[in-house]
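Written below as structure tokens is the structure these notes are about.
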Number of protein chains: 2
Amino acid sequence: MQTISPTPAATLLFRQQPRRHTDGVGHVPSAGTVRRYAKDEEIFGEGDRTAYYYKVVEGTVRTSKLLSDGRRQIGAFYLPGDLFGIEAGDEHRFSAEAVGEAKVVSYKRCGLEGLAANDNDFAVAIVEALMQALARAQDHMLLLGRKSAIEKIATFLLDISERLNEDSFELTMSRTDIADHLGLTIETVSRSLTQLERKGYIALPSTRRVELRDKPALAQLVG
Amino acid sequence: MQTISPTPAATLLFRQQPRRHTDGVGHVPSAGTVRRYAKDEEIFGEGDRTAYYYKVVEGTVRTSKLLSDGRRQIGAFYLPGDLFGIEAGDEHRFSAEAVGEAKVVSYKRCGLEGLAANDNDFAVAIVEALMQALARAQDHMLLLGRKSAIEKIATFLLDISERLNEDSFELTMSRTDIADHLGLTIETVSRSLTQLERKGYIALPSTRRVELRDKPALAQLVG
DNA sequence: CGGGCCGTTGACTCTTGTCAATCGCGGTGG
DNA sequence: CCACCGCGATTGACAAGAGTCAACGGCCCG
């Protein structure tokens, strides 16, 4: 989700119009307001009114749902350039928080009404993000429902690596966040990582840093 | 997902226009072609070009993804009135098959180009379906990642019951399909069902028929 | 230097998966 | 019409993968 380019599907939903400008991470109107969020600060909560759309500028954002007893599922991590918070209904069905320090732009949803008519680009970006999110969710359901712990970790690492376009990267999220994203416990995440390291597929110079050493072997593991 | 009505989110993506007509299961243009599919017949496969949108008329449709070794995840079941097959990209990222005998309408995607300008309704229905699908996927990720076998089954039964608006219903899908939807094995599905029956929460007059006897108790189980 | 937090590791438990036998229903053919 | 066959579902015994509980380690920050 590094760059957002129009797909046939999204394009077809709107009248054809010349695109005006793009910025490499998806076009957005200039009307957004930027805000910094502290580590673990809530951007919106489950049940909040869906008044805005958001885009990550710096840092990482997680969206999550909770069960009544506190069990948590992190639906996705959003990296710089990613849009999030687009939903059906007038209430958010999941919450979003900053993972570490993050900078986020928000766009008033009601500002869209006129936009869709005059400035197609933002509307297209929204539908784009929606379809992207759905595609990701489909993949993630396969991971959650059918993959083993090691396969989950391998898939996760390759996914991050691909989105960052780096074979060596810093994990912005804690083991707890990874566990809640992959449907595991922190202990299993930890054990799986060391297991991959022992096999020589990855290196872990520090707890948060990951280097992919054998991508083909990892790719083998994703199924 | 019995009826599709516009939500603020979808409405905002398009210019306001008087709706022309609705049919109770979501407006669709008259251009669609109906087809019958036999049990397990493929409607589209992973990798197929995304040339159409589809709507279930009769029966049930499942969408699924496979791992290379055959493990399968059923993303969702679609009941009469539900739209499916809407995706980013020009290739389907999952396949769709008929569960039992099914009747399905398909709409050419390229036919939409003009429609979005003149007839907003279908475009709105598409975005609606997209957001619905995403919301469902979010819920399902929580189920797959964080719920126990019994909780999964209870959630599944309540969901079906709600969508059919019946406390007593026929399951159109096999135990294998249920297992692949909930990230379980058929044995665990079977055991969980009998466990719920023994507790008196449900009755199983025949293998495919389910009667919900204690919905509050079941609701307790969904978290 | 000390405390706290996060991560790792180990020992053990338990839920769920695996393998296998049996059941039961529905269809088919004698 | 009934017996047989086959497939899907259930049940049981056992195995294994992941979770739980607990101790320890390392790192950052005061």
Side-chain angles (χ1 to χ4, degrees), chain A residues 38-40 62 67 69-73 99-101 143-157 170-199 202-210 221 223, chain B residues 38-40 60 62 67 69-74 99-101 143-157 170-199 202-210 221 223:
Chain A
K39 181 168 144 57
D40 295 325
R62 62 171 182 255
L67 291 176
D69 63 359
R71 278 174 288 176
R72 182 176 69 151
Q73 176 64 42
V99 175
E101 174 108 336
L143 176 145
L144 291 170
R146 288 295 177 224
K147 289 186 185 178
S148 69
I150 290 254
E151 292 170 338
K152 286 176 177 179
I153 296 288
T155 307
F156 175 69
L157 294 180
E170 205 77 28
L171 289 173
T172 50
M173 66 293 287
S174 69
R175 297 292 192 265
T176 303
D177 282 344
I178 298 173
D180 285 349
H181 182 48
L182 303 181
L184 299 170
T185 58
I186 52 169
E187 292 93 335
T188 302
V189 169
S190 187
R191 279 190 258 263
S192 303
L193 283 170
T194 33
Q195 206 172 325
L196 288 176
E197 188 180 31
R198 273 203 271 268
K199 286 187 175 185
I202 64 172
L204 301 164
S206 71
T207 48
R208 290 293 180 100
R209 182 143 207 99
V210 180
L221 280 179
Chain B
K39 178 166 146 57
D40 295 324
T60 307
R62 64 172 180 254
L67 290 176
D69 63 358
R71 279 175 287 176
R72 183 177 68 152
Q73 177 64 43
I74 294 180
V99 175
E101 176 107 335
L143 176 146
L144 291 170
R146 287 298 179 220
K147 291 186 184 179
S148 69
I150 290 255
E151 291 171 339
K152 286 176 177 179
I153 295 287
T155 307
F156 174 69
L157 294 179
E170 205 76 28
L171 289 173
T172 50
M173 66 294 287
S174 69
R175 296 292 190 265
T176 303
D177 282 345
I178 298 173
D180 285 348
H181 182 48
L182 303 180
L184 299 170
T185 58
I186 52 170
E187 291 93 335
T188 303
V189 169
S190 186
R191 279 190 257 266
S192 302
L193 283 169
T194 36
Q195 206 172 325
L196 288 176
E197 188 180 31
R198 273 203 272 269
K199 286 187 176 184
I202 64 172
L204 301 164
S206 71
T207 48
R208 290 293 181 100
R209 184 143 206 98
V210 180
L221 280 178

For [X] and [Y], which heavy atoms make the closest approach, and how far apart are they?
| X | Y | answer |
| --- | --- | --- |
| A:Leu144 | B:Gly145 | CD2-CA, 4.1 Å |
| B:Glu151 | B:Leu221 | CG-O, 2.9 Å |
| B:Arg146 | A:Leu184 | NH2-O, 2.7 Å |
| B:Leu204 | B:Glu197 | N-OE2, 3.2 Å |
| A:Lys152 | A:Leu182 | NZ-O, 3.0 Å |

Whole Å only: how far is the [atom1] atom of [X] from the [atom2] atom of [N]?
| X | N | atom1 | atom2 | result |
| --- | --- | --- | --- | --- |
| B:Ile186 | D:dC7 | CD1 | P | 14 Å |
| B:Arg209 | C:dC25 | CZ | C1' | 17 Å |
| B:Glu197 | D:dT11 | CD | P | 8 Å |
| B:Arg208 | D:dA9 | CZ | C1' | 10 Å |
| B:Asp177 | D:dG8 | CG | P | 11 Å |
| B:Arg71 | D:dG17 | CZ | P | 12 Å |
| B:Ile153 | D:dA9 | CD1 | P | 12 Å |
| B:Lys39 | C:dG27 | NZ | P | 13 Å |

Does a nitrogen or oxygen in the side chain of B:Thr185 sit under 4.0 Å from OP1 or OP2 of C:dT16?
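Result: no.
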Hey, is the side chain of A:Thr188 poking within less than 4.0 Å of OP1 or OP2 on D:dG19, counting only N and O atoms?
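So the side-chain polar atoms of A:Thr188 do come within 4.0 Å of the phosphate oxygens OP1 or OP2 of D:dG19, strictly under.
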Which angle, to the nearest 10 degrees, lies between the helix axes at the two ends of the helix from C:dC1-D:dG30 to C:dG30-D:dC1, each defined by five pairs?
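The angle, to the nearest 10 degrees, is 30°.
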With DNA chain C as reference, determine whether A:Arg146 or A:Thr176 sits nearer its 5' end, using the nearest nucleotide of each.
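Looking at the nearest nucleotide for each, A:Thr176 comes out on the 5' side.
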Nearest 0.5 Å, please: how far is CE in B:Met173 from CZ in B:Arg208?
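So the gap between those two atoms works out to 8.5 Å.
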From C:dT16, C:dT8, D:dA18, nucleotide with atom closest to A:Arg175 side chain:
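Looking only at heavy atoms from C-beta outward on A:Arg175, the closest nucleotide is C:dT8.
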Using side chain to side chain contact (heavy atoms under 4.5 Å, CB included) as the criterion, list what pairs up with A:Glu187, not counting sequence neighbours.
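Testing A:Glu187 for side chain to side chain contact (heavy atoms under 4.5 Å, CB included), a comparison that skips the adjacent residues, returns A:Thr185, A:Arg191.
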Any side-chain heavy atom of A:Asp40 sitting closer than 4.5 Å to one from A:Arg62?
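Heavy-atom side-chain distance check passes, below 4.5 Å.
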Close side-chain approach of A:Arg72 to A:Asp177, heavy-atom, < 4.5 Å
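Yes, side chains in contact.
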Sugar-phosphate or base contact per nucleotide [nucleotides 10-15 of chain C; S, B, -; heavy atom under 4.0 Å]
BB----
So what does A:Thr194 touch, heavy atoms closer than 4.0 Å: a base, only the sugar-phosphate, or nothing?
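It contacts sugar-phosphate atoms only.
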Base, sugar-phosphate, or nothing for A:Leu193, non-hydrogen atoms under 4.0 angstrom?
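Nothing, no nucleic acid heavy atom in range.
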